[in-house]
Number of protein chains: 2
Amino acid sequence: METVHEKNAKVFKAFCDPKRLAVLEQLRSGEKCACVLLDKLDIGQSGLSYHMKILCESGIVDSRQQGKWTHYRLSETGRAYALALLQQITAPDTAQLSCCGCKE
Amino acid sequence: METVHEKNAKVFKAFCDPKRLAVLEQLRSGEKCACVLLDKLDIGQSGLSYHMKILCESGIVDSRQQGKWTHYRLSETGRAYALALLQQITAPDTAQLSCCGCKE
DNA sequence: ACCTCACATCAACTTATTTTGATGTGATTA
DNA sequence: TAATCACATCAAAATAAGTTGATGTGAGGT
């Protein structure tokens with residue numbers, strides 16, 4: 001069983017690694033194929049594959065096969081989901097405001 | 001030297017761990033002292049201290065000493081910063097849209 | 001001054017993540 | 001169909017993150 005916290009933590013794992021942030025930066029300017037991402041990244045081919053899998057599974061990146069090439073792009077849906085989630089988990093919930101509970 | 005990607009990755013590390021998300025959930029309803037956080041968390045005292053340090057250093061949580069107790073609360077500034085950062089790193093940058101670059 | 005409480009820090013350990021090189025697979029080309 | 005290209009997968013190794021228990025520290029209380 002996976003708790004909701006474990007599930008949510010996975011969404012943010014996508015943004016927790018500098019290599020993955022470098023990939024996202026490249027994708028901001030449009031769809032890229034793996035070979036293009038690769039030669040700007042100081043990383044091996046299997047390393048890129050590893051990180052792209054994490055980005056795709058987190059939903060923030062979509063992929064598309066075209067013959068031998070795989071093209072990656074930012075997912076607008078994934079973006080919206082991550083932003084909404086971050087807003088939610090950091091939002092003060094004034095409806096249930098309680099005092100500290102400390103024995104002082 | 002720390003790259004901007006390494007710096008940004010640290011911000012999201014705060015949200016990458018289920019225990020830390022559980023802490024944030026508690027803080028949504030208002031300021032809490034460590035002892036209160038502790039007994040809802042299936043974690044040891046030193047473990048909580050470890051996670052609170054990460055949350056504070058990432059800027060998403062502020063702490064306040066009051067006598068022997070330390071009180072923690074969500075930081076509105078930290079929240080705004082993390083949200084703005086997430087928006088920025090996932091925003092399509094149409095100004096510099098380029099074609100894929102693949103040799104197809 | 002001494003004791004206790006709340007929390008921080010440390011070191012040893014466990015577990016998870018990342019990197020690397022080798023090998024596998026499916027699409028395309030010769 | 002054999003060779004090659006683009007990428008995925010695997011296993012081993014390196015590194016990082018998290019847990020645990022012991023010890024340190026500083027604020028209060030006695």
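So you know, we letter chains A, B, ... as the sequences are listed, proteins then strands, and number each from 1.
Counting any heavy atom pair closer than 4.0 Å across all strands shown, B:Ser46 reaches a base atom. As judged by a 4.0 angstrom heavy-atom cut-off over every strand, A:Gly47 is placed among the base-contacting residues. B:Leu37 comes within 4.0 angstrom of nothing in the nucleic acid, heavy atoms only.
Rounded to a whole Å, the CD atom of B:Gln65 is 9 Å from the C1' atom of C:dA6. Here the P atom of nucleotide D:dA17 and the NE2 atom of B:His51 are 13 Å apart, to the nearest Å. Here the C1' atom of nucleotide C:dC7 and the CD atom of B:Gln66 are 15 Å apart, to the nearest Å. The CD1-P distance, from B:Ile54 to D:dA17, rounds to 8 Å in whole Å. Following rounding to the nearest Å, A:His71 (NE2) and D:dC7 (P) show an atom-to-atom distance of 8 Å. As rounded to whole Å, 13 Å separates atom P of D:dA16 from atom OH of B:Tyr50.
For the pair B:Lys19 and D:dT19, the criterion of a side-chain N or O lying under 4.0 Å from OP1 or OP2 is met. Between B:Lys68 and C:dC7 there is no side-chain polar atom (N or O) within less than 4.0 angstrom of OP1 or OP2.
Under 3.5 Å, the side chain of A:Gln45 and the base of D:dA8 form at least one donor-acceptor pair of N or O atoms.
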